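Taking it in order: structure first as structure tokens, then the write-up.
Worth saying up front: this structure is predicted, and the values here are computed from it rather than measured.
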Amino acid sequence: AEGDEGQRLELAIAERLLTHVVVFGEAAARLVFGVSIPESCGPARVTVVDDFSRLAIDAGARRSCWLAMKSAGVVAPR
């Protein structure tokens, strides 16, 4: 249902389906977590990267996103 994204995410984390959450864009993160975006949600770490529209046009944002996901262990280093 509309507006229950945070509850569904927390349920998936509680069931240990997720160990890390990557959210694309501050606006999306605020929709899920509210005003205060946590560093973790239960046992899962939270990483917020630029939104897709920014990633599409900004090489620096893509590089930053890749480094954030690599340092979080979300993607394997090449």
Practice item. Establish whether Leu67 and Val22 are linked, either directly or via other cluster members, by ILVMFWY side-chain heavy-atom contacts under 4.5 Å. Key: no
**Study point:** Qualifying residues under side chain to side chain donor-acceptor pair (under 3.5 Å), relative to Ser53, sequence neighbours excluded
**Key:** Asp51
Review point. side-chain hydrogen bond (donor to acceptor under 3.5 Å, both in side chains): which pairs involve residues 38-49, sequence neighbours left out?
Key: His20-Thr47
Study note, to complete from the structure: Residues pairing under side-chain hydrogen bond (donor to acceptor under 3.5 Å, both in side chains) where one sits in residues 22-34, two or more places apart or in two chains, turn out to be Glu26-Arg30
Review point. Do Phe24 and Asp50 come within less than 4.5 Å of each other through their side chains, counting heavy atoms only?
Key: no
Exercise: identify the closest heavy-atom pair between [X] and [Y]:
{"X": "Val48", "Y": "Ala29", "value": "CG2-CB, 3.8 Å"}
{"X": "Val49", "Y": "Ala68", "value": "CG1-CB, 4.1 Å"}
{"X": "Leu55", "Y": "Ala61", "value": "CD2-O, 3.4 Å"}

